[in-house]
Protein chains: 2
Amino acid sequence: MSADSLDSIDRAILREVLRDARLTLQELSGRVNLSPSPCARRVRILEERGYISGYHAHLDEAKLGYPFSVFVSVKLAHQVDDRLQAFEQAVNAYPEVIDCWLMTGTRDYLLRVAVADLVEFEGFLTRRLTKVPGVASIESSIPIRRVKKGFSRLD
Amino acid sequence: MSADSLDSIDRAILREVLRDARLTLQELSGRVNLSPSPCARRVRILEERGYISGYHAHLDEAKLGYPFSVFVSVKLAHQVDDRLQAFEQAVNAYPEVIDCWLMTGTRDYLLRVAVADLVEFEGFLTRRLTKVPGVASIESSIPIRRVKKGFSRLD
DNA sequence: ACTGAAAATGCCAGACC
DNA sequence: GGTCTGGCATTTTCAGT
């Protein structure tokens, strides 16, 4: 079961719900040139098969009090998987951490952290990150602005 | 107009629509202990004031044929803003580029690129990125897996 | 087997309290 | 902030291709 099983109508549906998850079935079916019920069936199948993993509101982080993002590169001391799991558990518990990727190479993690200001960020570093056992080094980069905000690649 | 003007019910609403953008007003109002119409009013206000910027489906990039992500760090030759705009325009046009941030420092961009495989990634580098005028250097890092996938910070 | 149509259920928006 | 009603969307079932 892969991308091949999607026809052009399925892709059109995905494109539309990517842009607006709250489209009514009527609007959606009209846009993809189908009547409501086959359109509803296709949507349900796309959900069941996992092409659509969910529908989420997107919030304005700045308006909510977190206008600053910081990218943090974390290197763990070379130990076994226990450390990785402990680190990942901590990261998942911190609300400041929005995204986290395990990178190839030397036990490297890349994090995006959202904070109110640099004072809060310093607190995050000193009171949170450096307290996680096994953290060997930390490097921070501050973005100026977001140039492109994508949700998912579709074509 | 800032985050202060949100009370605990507003925050509860944001938390719920963040998790599921397709909740019906009935379900939503039940979860935040409100009756449907004041709940609808609050949602509308949150949308109008920009706390909620949109509702989007989240798709499974791997299932759609793009299982590999690559982080690309791009440095531009030091020139004026024309180059930045040209680069950003190009990045916005490339479907492979999901996210792009302009970083502080030396004309640095950080990109996340989604590709089918490393062959396609090489094509992206040679036929796309290196063709953009002003690109001085490119560094790629490959993640193994996504540890945390956040949508927005809320608390 | 997949598409289109129709009926019944349930949801939403507005005026009003 | 809560209640109610008219109108519409959704969903399920059923028939057609």
Q: Would you mind telling me which residue lines up with the more 5' stretch of DNA chain C, A:Pro38 or B:Arg41, judged by nearest nucleotide?
A: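 On the 5' side of the pair lies A:Pro38.
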Q: Have a look at B:Arg44 and say if it touches a base, only the backbone sugar-phosphate, or nothing, with a 4.0 Å heavy-atom cut-off.
A: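 No contact.
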Q. Could you walk me through whether A:Val135 and A:Thr130 pass the side chain to side chain contact (heavy atoms under 4.5 Å, CB included) check?
A. CA-CA 6 Å; A:Val135 168; A:Thr130 56; 5.6 Å; no
Q | Range on DNA chain C touched by chain B, heavy atoms, distance below 4.0 Å | A |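 With heavy atoms of chain B under 4.0 Å away, the range is C:dC11 to C:dG14.
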Q. Short question: side chain of B:Glu27, backbone of B:Leu23 - any donor-acceptor pair under 3.5 Å?
A.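 No: the side chain of B:Glu27 does not pair with the backbone of B:Leu23.
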Salt bridge check: are [X] and [Y] linked by an N-O gap of less than 4.0 Å?
X	Y	value
A:Lys149	A:Glu61	no
A:Asp60	B:Arg49	no
A:Glu96	A:Arg127	no

Q: Assert yes or no for the condition that the ring centre distance of B:Tyr109 to B:Phe87 is strictly below 6.0 Å.
A: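 Yes.
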Q. What parts of residues 24-34 of chain A reach DNA chain D, counting only heavy atoms under 4.0 Å away?
A.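 Those residues are A:Thr24, A:Leu25, A:Gln26.
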Q: Begin with the C-alpha distance, continue with both residues' side-chain angles, and end with the deciding distance and a verdict on side chain to side chain contact (heavy atoms under 4.5 Å, CB included) for A:Leu64 and B:Leu14.
A: CA-CA 10 Å; A:Leu64 290 168; B:Leu14 292 177; 3.7 Å; yes
Q. Quick one: do the B:Tyr51 and B:Ser152 side chains pair a donor with an acceptor below 3.5 Å?
A.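 B:Ser152 and B:Tyr51 do not have a side-chain donor-acceptor pair below 3.5 Å.
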(Q) Counting distance alone, no hydrogens or angles: does the base of D:dT3 have a donor or acceptor under 3.5 Å from a partner atom on the side chain of B:Ser37? (A)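 Per atom types, the contact qualifies.
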